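As structure tokens, the structure follows; a few thoughts come after it.
Everything numeric here is computed off the predicted structure, so don't read it as measured data. By convention in this document, chain letters (A, B, ...) are assigned in the order of the sequence lines, proteins followed by strands, and residues within each chain are numbered from 1.
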Amino acid sequence: MRYRRVKGTRDILPHEAEARRGLESQVHEQLSKAGFLPILTPTFEYYELYQRSTGESSDIVTKEMYRFQDMGGRDLALRPEGTPSVMRAVLENRLKIPIRLWYVMPMFRQDKPQKGRYREHTQVGVEVIGEAEPQADIELIKLGFDLFTLMGIKGMFLELNTIGCRECRSGYTEQLTGFLKEHHDELCADCKVRMNRNPLRVFDCKVASCQSILKQAPSQRDHLCSACIEHFDAVKAGLERFSIPYEENERLVRGLDYYSRTVIEFKSSTLGAQDTVCGGGRYDYLMGELGGPPTAAVGFAFGVERALLASRGEGIFEFNQSSIPLLLLPLGDEAKVYSLELLFKLREAGIGVQAEFRSGNLSKQLKRANTRNACKVLIIGENEIASGKFILRDMQTGDQQEVGFDELLNLFCSAKGQSC
RNA sequence: GUGGGUGUAGCUCAGUUGGCAGAGCACUUGACUGUGGCUCAAGAUGCCGGGGGUUCAAGUCCCCUCACCCACCCCA
């Protein structure tokens, strides 16, 4: 094969493309009800935007970005995640805050592909901008929970943590760094790097020896300020009140630098190694970081591909085998021309109709109709053209009737929306 | 970057101790020239991922390489 798709990219073939349309329209409906407005941002931005927001300690920025220069020498990058672009757009276009925005956009990360991980993938993102109260966190989490339930995500569970605010975190990271320095020689190479860049990330480490050291590490819980504790308690109380099951996971810190306080991940046990369907949290400092006014915000994003993987064959985006409600079967050259005319007239009337233009006797045409999964066929031969009456055949039952054009319209318009 | 697995027909996959390249599904044609699905018959389809080596002989054994998948890591 001479031409292949680029590593880590996928062709989304008709049946999956249909499923995605179904998913998107459901998401749109739910989010509209919750007051979210759609937004779309460019596929590439200045590299610096991601560097400043996603952060220097994140894997995304350090090793996964598609970074390039354009002909004007601009330092650009393909969008690896949506939140920075959306916040930039809010700021740049002076959108009125508070505002709730959502998007579905492709994201690009040059990671090594495997199941549920692609170099181009699609995220649905949801951002609540300008709401600092824990109720916003609760509403958002409930929204996600309901959405994933509706989609039929199998083996779903929610992990929850708080990573504090600037004030309480700085004291904690200081203490944590001190602890890590004491154990410097026992740590793995990755953790030695993490220690300096973003010490909280050491909790992500899967190396057994690191984990056993970390058991004795100071707990962030003991360093949360009273405001952060209050916020976290309110969120947890809300989840309990609305019967949203969750697991508290002190190890959950998220790979992006801009989070504060609440962080969440929805996971599915069916996905294997890449089990996170949705990640998110609060990012009260990001707007300020980008040079805007201090603006609290909370949001999440879920991967469309993973959501589909985790719910295959279930939920809202099942789709029907594509079938043709009515297929015109012309017999002979004259009938072909005639059937084209008929095709346009019927379609104008709103009927989902197609025509078979290949030549062949009736036997062959019916065979083709069968292969193409036609519900009903209209046989158009010399006799039919002469009389203006066509034979309408039901491909399932084999019933046939002679119908004129007007009769045909009536039959199909009254049966609109029905499958065969 | 580090492991493991898989590459054979359009698809799913067999292929034995090295001995003519196979099956099922799908496809084409006919039986059936204005009535499909079922059945029967016939047919087409391959750089066996690529390169090199061993051998009288390689899909099969050896070396190299590429691609894809999975896992580590990280995340959606």
Side-chain angles (χ1 to χ4, degrees), chain A residues 1-2 4-10 13 54 57-64 79-83 104-126 144 148 153 188-191 193-194 201 204-208 210 252-256 263-268 271-280 300-310 327 329-332 335 356 358-384 390-400:
Chain A
M1 208 71 70
R2 176 73 180 77
R4 317 177 56 93
R5 72 188 98 88
V6 174
K7 189 185 186 75
T9 63
R10 314 190 327 117
L13 302 178
T54 307
S57 79
S58 69
D59 280 7
I60 290 176
V61 169
T62 53
K63 50 189 190 197
E64 294 172 9
R79 174 183 54 218
E81 56 137 350
T83 305
V104 44
M105 303 191 292
M107 307 295 164
F108 305 85
R109 296 181 198 174
Q110 207 164 160
D111 206 348
K112 198 160 176 179
Q114 63 194 64
K115 186 181 181 186
R117 188 166 74 190
Y118 311 103
R119 291 185 169 181
E120 178 181 13
H121 74 282
T122 311
Q123 284 186 18
V124 169
V126 174
F148 300 136
I153 303 288
C188 72
D190 281 345
C191 281
V193 177
R194 290 183 182 117
R201 296 286 307 282
D204 275 347
C205 188
K206 302 289 193 295
V207 178
C210 290
L252 184 65
V253 295
R254 312 268 323 136
L256 312 178
V263 290
I264 59 160
E265 283 189 17
F266 282 96
K267 300 187 173 189
S268 164
L271 285 178
Q274 315 305 321
D275 62 354
T276 302
V277 174
C278 173
F300 67 70
F302 71 87
V304 171
E305 289 79 6
R306 285 187 192 174
L308 281 161
L309 273 176
L327 181 66
L329 295 182
L331 301 169
E356 173 58 67
R358 286 174 290 184
S359 301
N361 58 37
L362 183 56
S363 177
K364 182 161 209 103
Q365 294 293 59
L366 284 169
K367 218 173 255 181
R368 284 174 180 154
N370 221 41
T371 314
R372 291 176 65 173
N373 201 13
C375 297
K376 293 197 166 66
V377 297
L378 194 69
I379 299 165
I380 305 164
E382 283 172 35
N383 303 340
E384 287 77 12
F390 314 100
I391 297 170
L392 180 67
R393 180 182 177 84
D394 186 306
M395 292 300 285
Q396 239 129 62
T397 62
D399 294 341
Q400 294 193 167

With rounding to whole Å, what would you report as the distance between [N] and [M] at their [atom1] atoms?
{"N": "B/rU17", "M": "B/rU28", "atom1": "P", "value": "39 Å"}
{"N": "B/rG51", "M": "B/rA58", "atom1": "C1'", "value": "15 Å"}
{"N": "B/rC48", "M": "B/rC66", "atom1": "C1'", "value": "16 Å"}
{"N": "B/rG30", "M": "B/rA21", "atom1": "C1'", "value": "27 Å"}
{"N": "B/rU16", "M": "B/rA31", "atom1": "P", "value": "41 Å"}
{"N": "B/rG7", "M": "B/rU60", "atom1": "C1'", "value": "14 Å"}
{"N": "B/rG24", "M": "B/rU39", "atom1": "P", "value": "13 Å"}
{"N": "B/rU12", "M": "B/rG19", "atom1": "P", "value": "26 Å"}

[X]: which residues meet the ring-ring contact (aromatic ring centres under 6.0 Å, His included) condition with it, sequence neighbours left out?
{"X": "A/Phe108", "value": "none"}
{"X": "A/Tyr118", "value": "none"}
{"X": "A/Phe300", "value": "none"}

Partner of A/Val277 under side-chain contact (heavy atoms from CB on, under 4.5 Å), picked from A/Leu308, A/Val304, A/Leu271, is A/Leu271

Just by distance, do the side chain of [X] and the backbone of [Y] share a donor-acceptor pair under 3.5 Å?
{"X": "A/Gln365", "Y": "A/Pro330", "value": "yes"}
{"X": "A/Thr397", "Y": "A/Asp399", "value": "yes"}
{"X": "A/Arg79", "Y": "A/Met107", "value": "no"}
{"X": "A/Glu356", "Y": "A/Arg358", "value": "yes"}

Distance check needed: [N] [atom2] versus [X] [atom1], whole Å only.
{"X": "A/Gln123", "N": "B/rA76", "atom1": "CD", "atom2": "P", "result": "6 Å"}
{"X": "A/Glu265", "N": "B/rC74", "atom1": "CD", "atom2": "C1'", "result": "11 Å"}
{"X": "A/Tyr118", "N": "B/rC70", "atom1": "OH", "atom2": "C1'", "result": "12 Å"}
{"X": "A/Arg10", "N": "B/rA76", "atom1": "CZ", "atom2": "C1'", "result": "13 Å"}
{"X": "A/Gln110", "N": "B/rA76", "atom1": "CD", "atom2": "P", "result": "18 Å"}
{"X": "A/Arg4", "N": "B/rA67", "atom1": "CZ", "atom2": "P", "result": "9 Å"}
{"X": "A/Asp275", "N": "B/rC70", "atom1": "CG", "atom2": "P", "result": "15 Å"}
{"X": "A/Ile60", "N": "B/rC73", "atom1": "CD1", "atom2": "C1'", "result": "14 Å"}

What nitrogen or oxygen pairs link the protein and nucleotides 1-4 of chain B at under 3.5 Å?
residue	atom	partner	partner atom	Å
B/rU2	O4	A/Lys112	NZ	2.5

Nearest heavy atoms of [X] and [Y], plus distance in Å:
{"X": "A/Ala369", "Y": "A/Leu329", "value": "CB-CD1, 4.3 Å"}
{"X": "A/Pro113", "Y": "A/Gly8", "value": "CG-CA, 3.7 Å"}
{"X": "A/Asp111", "Y": "A/Arg119", "value": "O-NE, 2.7 Å"}

Residue-phosphate contact under 4.0 Å: A/Lys63 side-chain N/O, B/rC74 OP1/OP2 | no

Using a cut-off of less than 4.0 Å, is there contact between a side-chain N or O of A/Gln114 and OP1 or OP2 of B/rC72?
-> yes

Do [X] and [N] have a side chain to base donor-acceptor pair shorter than 3.5 Å?
{"X": "A/Arg109", "N": "B/rA76", "value": "yes"}
{"X": "A/Gln274", "N": "B/rC74", "value": "yes"}
{"X": "A/Arg5", "N": "B/rC68", "value": "no"}

Return the set of residues passing side chain to side chain donor-acceptor pair (under 3.5 Å) with [X] (not counting sequence neighbours), or none when no residue passes.
{"X": "A/Glu64", "answer": "none"}
{"X": "A/Gln110", "answer": "none"}
{"X": "A/Gln114", "answer": "A/Arg117"}

Which of the following nucleotides, B/rC74, B/rA76, B/rC27, is nearest to the side chain of A/Asp59?
-> B/rC74

Taking B/rC27, B/rC75, B/rC74 as options, the one with an atom nearest any side-chain atom of A/Thr276 is B/rC75

Find the distance between CZ (A/Arg10) and CD (A/Glu120) and round it off to the nearest 0.5 Å.
-> 10.0 Å

With a non-hydrogen cut-off below 4.0 angstrom, is A/Thr371 in contact with a base, only sugar-phosphate, or nothing?
-> sugar-phosphate

Nucleotide N/O of nucleotides 7-13 of chain B paired with protein N/O under 3.5 Å:
none

Side-chain touch A/Arg368/A/Leu327, heavy atoms, less than 4.5 angstrom = no

Find every protein N or O atom lying less than 3.5 Å from an N or O atom of nucleotides 42-47 of chain B, and list the pairs.
none

Nucleic acid footprint by protein, nucleotides 34-39 of chain B - heavy-atom cut-off 4.0 Å, B for base, S for sugar-phosphate alone = BBBB--

For RNA chain B, which consecutive runs of 3 or more Watson-Crick or G-U pairs (each distance under 3.5 Å) count as stems?
-> B:1-7 with B:66-72, B:10-13 with B:22-25, B:27-31 with B:39-43, B:49-53 with B:61-65

Select from A/Ala273 and A/His121 the residue whose nearest nucleotide in RNA chain B is closer to the 5' end of that strand.
-> A/Ala273

Taking only residues two or more places apart in sequence or in another chain, which ones pass salt bridge (charged side-chain N to carboxylate O under 4.0 Å, His left out) with A/Glu384?
-> none

Decide side chain to side chain contact (heavy atoms under 4.5 Å, CB included) for A/Ser268 and A/Ile153; before the verdict, give the C-alpha distance in whole Å, the side-chain angles of both, and the deciding distance to 0.1 Å.
-> CA-CA 7 Å; A/Ser268 164; A/Ile153 303 288; 4.0 Å; yes

